[in-house]
2 protein chains.
Amino acid sequence: MASADQESSEPAGFDGARARMRLRVPSVAERVAEELRYQLAEGFLVPGAKLTEATIAEDLGVSRNTVREAFAELAGERLLIRQPNRGVYVATLEAGDIHDVYTVRRAIEVSSIRAGGSPERIAAVRAAVEEGKRAAAANDNEGLGSANQHFHGAIVALAESGRLDTIMAQVLAEMRLYFHKATMNAHFYSDWLTENEQICSALEAGELERAGDLLLAYLNRSEQQQTAIHGA
Amino acid sequence: MASADQESSEPAGFDGARARMRLRVPSVAERVAEELRYQLAEGFLVPGAKLTEATIAEDLGVSRNTVREAFAELAGERLLIRQPNRGVYVATLEAGDIHDVYTVRRAIEVSSIRAGGSPERIAAVRAAVEEGKRAAAANDNEGLGSANQHFHGAIVALAESGRLDTIMAQVLAEMRLYFHKATMNAHFYSDWLTENEQICSALEAGELERAGDLLLAYLNRSEQQQTAIHGA
DNA sequence: GATCGCTGGATTGTTGAACAATCCAGCGGA
DNA sequence: TCCGCTGGATTGTTCAACAATCCAGCGATC
């Protein structure tokens, strides 16, 4: 995640020959981090749970030092929290954090969509919308969730900024961690499915201001909903 | 930096008693990271320079493993770049990165100022402006630079989002790394000194749209200047 | 003369063990 | 009930070793 989109700031096909084809074999620490990220996203590790170095080292068959390195990486992404001399815990979003996260999303998503983007990038947004429709038709709740994330990720990708992409990826990971599948019932999905359609249409029509307004309204409402569900 | 503003998302004086007064004694790894950050900001370590684990471990009198942990932290902040099995190098901003960085700044700075902020936060912006004036009067080039950074940091702080604050801090650190003091001659400063004044006045007057437009114009021009100087 | 393959040295990646520092729970005494 | 102590557990840090990888240099070959 944090490593896959490093190169995405390159204008596609600009100086193709020079591309860094560096055959990445992820290090052990990275694979441990990846495994933990997976378990976090999947809800196998719930917020607040304690992660003991020795235990995880043994479970994954790696050295404690390596686990430590993975912990440092995930702590940098705010997925884990390190309490000095006390251990690392799965991050928990407090009431204020919800607003905080949505503030970030408002900043980068609205800014990205207001600036428009290349036809290819816009097509990617459209693709995410269609992906959502297909998932809805198939009653695939899981697919609906990721389709929505792809949609918002594609919006940020309009800006062609690798840094914004990684920031967005981290924020989405944080939200996945806390708003796990259980809390995301089908009720929500029906709402934004048509809304994403509208936003995408406005974007395709070049009505960037309106697209931005729609997106902003969605984010505000979404924040309200999440705040209502979780702590006041 | 990345550790000092962790708590800034708390509404000031909300539940003061509960505050985490946890007497932070920074770990060795953190102090190593801090030292490296300092050397990076000070230009003692130039972009592209190679950092050998063993050398730094010996220089700072710590273990190689600890240096490793610090490297991981700084790599997460994009200040260092890890090339697997080849070593870590001080990050270098390519031509595309300049646009990338300014894209982030446009997103979060403009968004923050457009949403306004509490009187205290606005006062902090004003304070940064005055700080710049004093530095200018004293011909303190160094002080001018940090005053400008404080100004833009204060603008982001309007949003009261700890996450935006750390993002901004990282971006500013990246820029300090590349646009070191040498490239920032007094010519630039005279420009934005009056401009910051205007932006701040508009903010104080509640003319948020205008403040945002001015800020956006400044960022666009600043990007142009930097692009003109460094690689096309 | 250029390319290929090898080899040795240097650096990073990872492990395992050890010890110090710190925290926590439980226990006993005032 | 509160205080302080103590033992056990976990983290922080170091050290040493080895495997994996890369790089520069050097011949050998065509």
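Order of the sequence lines fixes the chain letters, A, B, ..., with proteins taken first and strands second; residue numbering starts at 1 for each chain. Computed from a predicted structure; not experimentally measured.
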For [X], side chain to side chain donor-acceptor pair (under 3.5 Å) partners two or more places apart:
| X | result |
| --- | --- |
| B:T92 | B:E94 |
| A:R31 | none |
| B:N220 | B:R106 |

For a quick test of your reading: what N or O donor-acceptor pairs under 3.5 Å do the side chains of residues 53-64 of chain B make, sequence neighbours left out?
| residue | atom | partner | partner atom | Å |
| --- | --- | --- | --- | --- |
| B:E53 | OE1 | B:R64 | NH1 | 2.7 |
| B:E53 | OE2 | B:R68 | NE | 3.1 |
| B:S63 | OG | B:N65 | N | 3.2 |

Next item on the list: Do nucleotides 11-21 of chain D as a string where each nucleotide becomes B, S or -: B if the base has a protein heavy atom under 4.0 Å, S if just the sugar-phosphate does, - if no protein is that close.
Entry: BBBBB-B---S

Note to self: Per the salt bridge (charged side-chain N to carboxylate O under 4.0 Å, His left out) rule, what does the pair list look like for residues 143-156 of chain A, sequence neighbours excluded?
What the structure shows: none

